[in-house]
Structures are given as C-alpha cells and as structure tokens.
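Reckoned from all heavy atoms, side chains included, excluding hydrogens, waters and symmetry mates.
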Amino acid sequence: MATLWTLGCDADDPQRIAVFWALALGYVKEPGFDEPGNASIVDPDGQGPAIGFLKVPEGKSAKNRMHIDIRVAGPGPWDMAERTRLIQQKVPELVAAGATVVSEQWYGDDLGHVVMHDPEGNEFCVA
C-alpha cells in the first residue's frame, strides 16, 4: 500500500494560487483551509495527493528543483495528434487563469510539452 502524502508549496498568496491549481488539476478546495496564510486543495475523487500552500515572507528566487507536469492525455500509449490537440486546448485555459507560456517542445509534428509559469512564477509543464 502506498503512503499518503501531501505536496507542500510556499506561496505569496495561498488562496489565489490554490484557486489556480484547483482549476489546472480539476481539484477542489479542502474544507477548513481558508485562512489567509494557508490553503489546501484535494482531488475530489480521493486519488491524487493533497496540495497545501503556505504563505512565506520571501519571494521566489530561483528555478524550481521539482515541478508538476499536467498530463492532459492521461496515461499512454497515446494517439499523438489527439494528445497535441488536448495540450493546445488546455494551455489557453491556464493562460486565462493567470499562467504564462515560456516555451513549447516539439518532436517533429508532435507537441511534447509546453513549459509554463503559474501566477506566482513557478514552472510547470502541460504534457
């Protein structure tokens, strides 16, 4: 049996960044974590880990050493044209929610992933 775990994240505005990541991942806010200094989101199906956000005084100062990859096409193997379409569909939704596009990685005609920054400048990929 796997060990339950939570991904803990530093944040400037825990509530705002929790709303962004809930949208990005299809998560919901975890009840009881609605203080200005902390927020938590959970998988509504209870499958994925909780993600907690804690307000810290210092801002982001370097590249993430670890980041989230949003796998919009689910587990492989994939129809690569459909996977590319799903990635290209998700990216504008995340931009509208405050993310920015950094770069795209293509493998011939197939979109491998899009590197993005969340509203607080943390790197992640849509793959």
Side-chain angles (χ1 to χ4, degrees):
M1 180 174 156
T3 301
L4 296 178
W5 58 282
T6 297
L7 176 61
C9 304
D10 293 346
D12 180 54
D13 184 342
Q15 298 300 322
R16 177 177 181 235
I17 203 72
V19 168
F20 172 82
W21 280 106
L23 172 88
L25 300 174
Y27 272 40
V28 296
K29 291 186 82 173
E30 184 174 9
F33 288 90
D34 53 4
E35 300 292 324
N38 69 63
S40 181
I41 60 175
V42 294
D43 177 352
D45 297 326
Q47 300 297 312
I51 304 175
F53 303 93
L54 182 64
K55 183 164 181 58
V56 295
E58 65 277 356
K60 181 179 180 315
S61 62
K63 184 180 185 307
N64 299 12
R65 295 288 305 258
M66 184 170 26
H67 69 258
I68 292 175
D69 283 348
I70 300 173
R71 295 177 65 176
V72 295
W78 304 286
D79 171 306
M80 295 306 285
E82 176 63 7
R83 182 176 174 275
T84 295
R85 187 190 71 74
L86 290 170
I87 293 169
Q88 291 175 326
Q89 179 181 318
K90 186 70 171 180
V91 168
E93 174 187 350
L94 298 173
V95 168
T100 56
V101 173
V102 176
S103 65
E104 293 182 349
Q105 179 67 50
W106 287 84
Y107 304 103
D109 293 333
D110 301 320
L111 180 56
H113 62 275
V114 177
V115 179
M116 302 186 78
H117 284 166
D118 75 9
E120 292 197 0
N122 301 299
E123 294 88 6
F124 70 98
C125 295
V126 180

* Are the side chains of Trp21 and Phe124 in touch, meaning some heavy atoms are under 4.5 Å apart? -> yes

* Would you say the side-chain atoms of Asp13 pair up with the backbone N or O of Arg16, donor to acceptor, closer than 3.5 Å? -> yes

* Can you find a pair of side-chain heavy atoms, one from His67 and one from Cys125, that are under 4.5 Å apart? -> yes

* **Hydrophobic cluster membership, Leu25 vs Val114, 4.5 Å side-chain cutoff** => yes

* **Residues, nucleotides or ligands: over 12 heavy atoms within 6.0 Å of Asp69 CG** => yes

* Measure the shortest side-chain to side-chain distance between Tyr27 and Ser40 over non-hydrogen atoms and say whether it is less than 4.5 angstrom. => no

* Asked: Hey, what's the ring geometry for His113 with Tyr107, parallel, tilted or perpendicular (30° and 60° as the breaks)?
  -> tilted

* Indicate yes or no for a side-chain donor-acceptor contact from Glu123 to the backbone of Met116 under 3.5 Å, with no hydrogens or angles considered. => no

* Any donor-acceptor pair under 3.5 Å linking the side chain of Asp118 with the backbone of Glu120? -> yes

* Verify same cluster id: Ile70, Val101 (apolar side-chain graph, 4.5 Å) -> yes

* Structure fact -> Excluding Val42, membership of its hydrophobic cluster (Ile, Leu, Val, Met, Phe, Trp, Tyr; side-chain heavy atoms within less than 4.5 Å) reads Val28

* May I ask whether Ile68 and Leu23 are part of the same hydrophobic cluster, defined by side-chain heavy atoms of I, L, V, M, F, W, Y residues being less than 4.5 angstrom apart, directly or through others? => no

* Asked: Is there a path of hydrophobic side-chain contacts, each under 4.5 Å between heavy atoms of I, L, V, M, F, W or Y residues, that connects Ile87 with Val102?
  -> no

* Distance-only, no hydrogens or angles: does the Arg83 side chain make a donor-acceptor pair with backbone N or O of Val72 under 3.5 Å? -> no

